[in-house]
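FYI, side chains are in, hydrogens and waters are out, and symmetry mates aren't considered; it's all heavy atoms of this structure.
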Amino acid sequence: MTTHDEKGAAGSAPEVRRDFIRDIIDEDNRTGRWGGRVVTRFPPEPNGYLHIGHAKSICLNFGIAAQYGGRCHLRFDDTNPTKEEQEYVDSILGDVRWLGWDWGKHLYYASDYFQQMYDWAIQLVKSGKAYVCDQTAEEVREFRGTLTQPGRESPWRNRSIEENLDLFIRMKNGEFPDGSRTLRAKIDMAHPNLNMRDPVMYRILHADHHRTGGKWCIYPMYDWAHGLEDSVEQITHSICTLEFENHRPLYDWFLDALGIYHPQQIEFARLNLTYTVMSKRKLLRLVQDKLVGGWDDPRLPTISGMRRRGYSPEAIRYFCQVIGVNKFNSTVDMALLEHCIRETLNKTSPRVMAVLRPLKVVIENYPEGQVEWMDAINNPEDPGAGSRKVPFGRVLYIEREDFMENPPKKFFRLSPGKEVRLRYAYFITCREAIKDAAGHVIELRCTYDPATRGGDAPDGRKVKATLHWVAAEQAIDAEVRLYETLFTRENPDDMPEGQDFTACINPKSLEVLTECKVEPSLKDAAPLTRYQFERMGYFCVDSDSSAVRPVFNRTVTLKDAWAKIQQKGSE
RNA sequence: UGGGGAAUAGUGUAAUGGUAGCACAAAUGACUCUGGAUCAUUUAGUCAAGGUUCGAAUCCUUGUUCCCCAGCCA
């Protein structure tokens, strides 16, 4: 079990935030209900990639275990071979580990308990609490009744124990085709909770399982299996999401009917985030229909997508702590996630200069062929990060948006006749803007003040702006991918009649810039390395990156006061 | 319309009968070799109506609104 810093990088938040689940655990510990043990579990089904919503659950379960000196099991709930794959198992293992959690030796698979579950099912059959039903799926549905009307009992409900035993064993032995029979719990077809109307425990599925192969042809249903898995592992607090609240009576019923170790199920609200979707079904659709590049597309809220985009595990853990845990549905503002990212990255990311949309600048009075290596601080937030040298020369690139020929009042940057500072270098003054035939500015002719070397004027004169820049001669060409929200709607699930969530995919969610110029220190940056491009935002080396063609993803922009002023002006 | 849950600033959350607080967002100002970071200030809330109480977000009653459940998915 890891015991890493629960504070997150921000440091301002409390050690561990309180919530109603920790209250329950405190009370249990006070009364000695579990003898002081705290054992939780994170039980993903390996049928998709983990997303930020899972991260909330992971941080809750592993966080509680760490806090209380207990343990958290990682358990694959692999009870449906038709949907599950080894690929998903592998990705989940990697994602949980990357998030910073360690399950130690407590890695489990529901499929390892299939024999035990079967034995327990036999026990229930023998005690007359389960029966083999020959109804078709349609009949079962029909007999279940509705929300307001009780169901009717299956005609197979009162078979003898001997016949049930015989049939169930033959089900297991593969004598019957898929869907022909089920094993059902004998509870109450008139129960107001539909989950209690003789729920199916086993279905026949002649399907190969990613771990047990063809050994089984009956597979347990979630309601039957889950409590047993928790029981086998001696879980104390079985934490799940709100939609399972209706299933708790069944969870309890099975465990009581068997008379075995009985954990407490506790439900909390799953995470929703603005401008994205969180359901596995929808994420799968985006991937399968190639509306995104894959499970690790940086626009996705998947762990792998966020990792590729440059989010740090610390940032995600901090976010999960900040959002809290509750019993009612809520939608967290994407801005809060971005705040957590900036907050953590600000303290750890080396600063570097990169020009995304280059505009050529020639310093007319700077000696031709001269190169100076200027001192640049790596991270003002971290004195220990040291400094580096960046080359300066006669020809440079600055950001296109840092020049305006006819600037509005509050524009502090370069324009004809104006003086600005080039960070860590010199003050320069724009003398002339050179245009092409179409009238577009293609080059700036400037002069520099040699006395301002390093960025300070000996005469004490001030400039209102400091620009980032890259020397042309040593610049590295790079590709930069800019991301915006994947959807244009705050809630993509809430679409007008007849449209689905894919109709509000943001056409500007990905913008690829191919003419970028980055400083030479970025030459051999390894994939997943995070930087702050000064004044532009946080960026991360993409997995597509190569020495020939470095590729960076924009993780998140910096807070931008000028952008706000501009936006207000255009409104 | 059966059953199960839940309602606190725009958003996310504290307060467990005793001053409704924090964070994000928004706004204003200070500072700044990142229009970053930092600091200060401001705006803004207990779903409604009754009741109990010296005192209610908290307890009671009635109502309103929202979420979940009719897979041989999890």
- State which of B:G4, B:G35, B:G12 makes the closest approach to the side chain of A:Lys410. B:G35
- Message: Counting only heavy atoms not in A:Arg270 (residues, nucleotides, ligands), do more than 12 fall under 6.0 Å from its CZ?
- Response: no
- Message: Taking atom types as they are modelled, would you say the side chain of A:Asn246 forms a donor-acceptor pair with the base of B:C68 within the 3.5 Å cutoff?
- Response: yes
- Message: Using only modelled atom types and a 3.5 angstrom limit, is any donor from either the side chain of A:Arg535 or the base of B:G35 paired with an acceptor on the other?
- Response: no
- Specify the separation, in whole Å, of atom CZ of A:Phe403 and atom P of B:G35. 18 Å
- Query: Is the ring centre of A:Phe412 under 5.5 Å from the base ring centre of B:G35, and are the two planes under 30° apart, so that they stack?
  - Reply: yes
- Item | Mutual orientation of the aromatic rings belonging to A:Tyr426 and A:Tyr448 [parallel < 30°, tilted 30-60°, perpendicular > 60°] | perpendicular
- If the C1' atom of B:U46 is compared with that of B:C59, how far apart are they to the nearest Å? 15 Å
- Parallel, tilted or perpendicular: which fits the ring planes of A:Tyr318 and A:His339, with parallel below 30° and perpendicular above 60°? tilted
- Item | Whether A:Thr452 side chain and A:Asp449 backbone form a donor-acceptor pair below 3.5 Å | yes
- Message: Work out how far the C1' atom of B:C22 is from that of B:A9, and round it to whole angstrom.
- Response: 12 Å
- So, with a heavy-atom separation below 4.0 Å from RNA chain B, the residues of residues 79-89 of chain A are A:Thr79, A:Asn80, A:Lys83
- Considering residues at least two apart in sequence or located in another chain, which fulfil the salt bridge (Lys or Arg N to Asp or Glu O under 4.0 Å) criterion with A:Arg421? none
- Distance between the P atoms of B:G63 and B:U1, in whole angstroms? 11 Å
- Task: Could you tell me whether A:Gln532 contacts a base, only the sugar-phosphate backbone, or nothing, with contacts defined as non-hydrogen atoms closer than 4.0 Å?
- Result: base
- RNA chain B in dot-bracket, Watson-Crick or G-U pairs under 3.5 Å, [ ] crossing, | other strand? .((((((..((((....[..)))).(((((.......)))))....(((((..]....))))))))))).....
- Sugar-phosphate means primed atoms, P, OP1 and OP2; the rest is base. With that split, encode nucleotides 16-22 of chain B 5' to 3' as B, S or - using protein heavy atoms under 4.0 Å. B------
- Query: When the C1' atoms of B:U19 and B:A25 are considered, how many whole Å apart are they?
  - Reply: 27 Å
- B:A40 to B:C31 separation - P atoms, rounded to the nearest Å: 16 Å
- Sugar-phosphate atoms are those with a prime plus P, OP1 and OP2; base atoms are the rest. Using that split, label each nucleotide of nucleotides 37-43 of chain B B, S or - for protein heavy atoms under 4.0 Å, 5' to 3'. S------
- Atom P, compared across B:C67 and B:C72: separation rounded to whole Å: 24 Å
- P atom, B:G17 versus B:A23: distance in rounded Å? 26 Å
- Verify the stacking flag for A:Trp562 against B:G35: centroid separation must be under 5.5 angstrom and the ring planes must differ by under 30 degrees. yes
Using the 3.5 Å cut-off, write out each protein N or O paired with an N or O of nucleotides 64-66 of chain B and the distance between them.
none

- Using a heavy-atom cut-off of under 4.0 Å over every strand shown, decide if A:Asp178 touches base, sugar-phosphate, or nothing. nothing
- Message: Need one value for A:Leu336: base, sugar-phosphate or nothing, where a base atom within 4.0 Å counts as base even if backbone is also close, heavy atoms only.
- Response: sugar-phosphate
- Query: Given the C1' atoms of B:U28 and B:G35, what is the spacing between them in whole Å?
  - Reply: 16 Å
